[in-house]
Amino acid sequence: MTESQVFHTTCPAIYGSAVASIMFQVSRHRPEKAANESFECNSVLLLNSIFILANWSSQTEGGGSHFEFVSVCHRDSISRNCTAMTLSDAANHILLNSGLLQSRTLGEFVLQDSDQPLPAQNLFSSSDALPTIDLYCAGAAEQLAAACRDWGFFQIQNHGIPLELLNRLRAHSHSFFELPLEQKERAAACSANSFYGYGIAKGRTYSPNAWMEAFHMEWTPASQVRRHMERIGIPQPQFEGFCEAVEQYASQAEKLAVQLMELVALGLGLDATTFSRHFAGSSTSTVRMNYYPPCPQPSRTLGISPHSDFNIFTILLQDTVAGLQVLKDNDEWVTVKPNPNALVVNVGDTLHAWSNGRIKSVMHRALVNTTEPRLSVVYFFGPHPDTKIDPIPALVSSDCPLRYRSFVYKQFVEQILQNRGKKVFESPLNSLLL
Ligand SMILES: O=C(O)CCC(=O)C(=O)O
Ligand SMILES: [Fe+2]
């Protein structure tokens with residue numbers, strides 16, 4: 001029933017010379033079509049694959065266009081299963097398989113000039129300027145508070161999480177993203193409203209065509225790592241290894257987050273438990289693996305567009321590839337130099353408001369590059385959903401008057417989720433200003 005042919009095509013609009021020629025094999029469901037009909041590569045989208053809508057103009061069909069949807073593995077540029085579809089089928093296929101909102105239009109997923117400010121090419125020089133703090137040094141509390149005030153970001157070394165665990169987690173995360181797309185998609189988010197599972201990053205903070213894939217797993221109130229991984233179907237030793245690495249890491253990161261809250265409280269001149277006593281063994285935290293495949297035109301897209309995190313602290317593990325950038329003083333993007341022994345920590349909007357703005361959550365983004373995939377494993381730490389956040393009275397003074405209203409964490413998050421999908425980021429903190 002099908003006829004297989006090999007085509008050479010170019011994608012000048014999207015990839016320029018970087019993918020000068022993609023060889024792909026098209027299986028057509030209508031063998032009777034004219035031999036001289038040509039295919040034109042029309043649009044491209046990627047997760048771990050490049051999706052191509054091949055535009056087939058057929059005179060025999062009354063001059064109308066017919067679209068065929070072809071999925072091509074971008075690493076080796078050799079096609080896998082190719083199915084003929086209509087344009088809307090193809091769009092639906094992309095939406096469903098990416099775990100994305102079905103209501104969106106295809107155009108939003110096609111790589112194109114972004115409406116976000118794009119990076120200049122020279123921004124990849126890494127900076128040593130971001131403070132690196134030894135968690136057990138004398139003065140760690142003061143250094144942490146100063147870094148939270150001046151940068152909203154810092155790296156920590158001597159953090160107590162063994163390097164062996166960090167390396168194991170990095171290795172398992174890489175292996176996960178190297179699985180075939182079809183397999184990863186078995187853990188795709190179950191509904192358009194879910195953030196969890198495999199897919200591209202969603203939410204108000206990310207560009208809809210972010211050059212990345214992600215695997216997001218709930219950690220509290222109960223770990224959902226195994227539930228997601230069971231759907232993937234990998235051999236038992238790999239399954240166990242992956243789940244154990246994530247569970248051990250998340251458990252240690254949770255303790256670290258509490259320790260950081262206590263040190264920062266001390267550094268701000270407060271009682272150590274000012275923030276942490278509101279947690280009493282309960283938090284809202286998740287783990288997300290972000291993976292940024294090499295990109296032929298890194299200046300035309302971003303891995304993650306500028307955003308701040310809405311939680312308390314984010315603890316981020318990088319590998320050796322740079323890409324994370326922090327907006328310093330609302331003015332200059334600084335690249336965080338990868339340090340395999342260190343963890344990158346940033347203040348979230350909730351802690352910002354809780355401290356009455358004494359410490360700050362800042363915008364950050366991720367760049368992509370042409371040659372190497374980049375990985376980050378992120379632990380997002382937030383309070384229990386019912387926690388009421390009141391700016392700490394001791395941090396209100398005549399030279400720092402009360403700036404934020406009190407709020408319940410889950411209402412703050414709900415409001416952020418309602419605003420998701422907005423293309424230009426607006427800080428959720430604005431809605432809390434008095
Ligand atoms: O991958 C990175 O370096 C940044 C990730 C990030 O900002 C996020 O997931 O919120
Ligand atoms: Fe972030």
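Order of listing sets the numbers, starting from 1, for every ligand and every atom in it. It should be emphasised that the depicted structure is a prediction, and the values quoted were computed from it without experimental measurement.
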| query | Out of Arg365, His364, Arg288, Met289, whose heavy atom is nearest to atom 9 (O) of ligand 1? | reply | Arg288
| field | ligand 1 versus Leu316: contacting region, heavy-atom distance under 4.0 Å | value | side chain
| request: List every atom of ligand 1 that sits less than 4.0 Å from any heavy atom of Phe380, numbering the atoms from 1 in the order shown and giving each element. | output: 8 (C), 9 (O), 10 (O)
| remark: Under 4.0 Å from one or more heavy atoms of Asn290, ligand 1 contributes atoms 1 (O), 5 (C), 9 (O)
| What closest approach, in Å, do Pro338 and Gln318 show between heavy atoms, and which atom pair accounts for it? | CA-NE2, 3.7 Å
| contact_flag His307 ligand 1 heavy-atom lt 4.0 Å | yes
| Can you list the residues that meet the side chain to side chain contact (heavy atoms under 4.5 Å, CB included) rule with Leu327, with sequence neighbours excluded? | Asn330, Trp333, Met363
| Which heavy-atom pair separates Met261 from Phe279 by the least distance, and what is that distance? | SD-CE1, 3.4 Å
| request: Could you tell me which atoms of ligand 1, counted from 1 in the order shown, lie closer than 4.0 angstrom to a heavy atom of Leu324? | output: 3 (O), 4 (C)
| query | Can you name the residues that form a side chain to side chain contact (heavy atoms under 4.5 Å, CB included) with Thr274, not counting sequence neighbours? | reply | Ala265, Leu270, Asp271, Ile392
| query | Taking only heavy atoms of Tyr292, which atoms of ligand 1 are found under 4.0 Å from at least one of them? | reply | 1 (O), 2 (C), 4 (C), 5 (C)
| message | Restricting to N, O or S, what is the name of the atom of Asp309 that lies nearest the Fe ion (ligand 2)? | response | OD1
| message | Could you report the tightest heavy-atom contact between Ala366 and Arg374, atom names first, then the distance? | response | CB-NH1, 4.0 Å
| message | Against ligand 1, does Arg374 come closer than 4.0 Å with any heavy atom? | response | yes
| task | Find all atoms of ligand 1 within a distance of less than 4.0 Å from any non-hydrogen atom belonging to Asp309, and give their numbers and elements. | result | 10 (O)
| task | Look at Glu414 together with Lys410 and state whether they make a salt bridge at an N to O cut-off of under 4.0 Å. | result | no
| query | What is the minimum heavy-atom distance between Glu254 and Phe381, and which atoms define it? | reply | CG-CE1, 4.2 Å
| task | Check ligand 1 against Ile304 and write out every atom of the ligand that is under 4.0 Å from a heavy-atom position of the residue. | result | 5 (C), 6 (C), 8 (C), 9 (O)
| request: Check the pair Arg403, Val396 against side chain to side chain contact (heavy atoms under 4.5 Å, CB included), reporting the backbone distance first and the verdict last. | output: CA-CA 8 Å; Arg403 290 175 61 190; Val396 177; over 6 Å; no
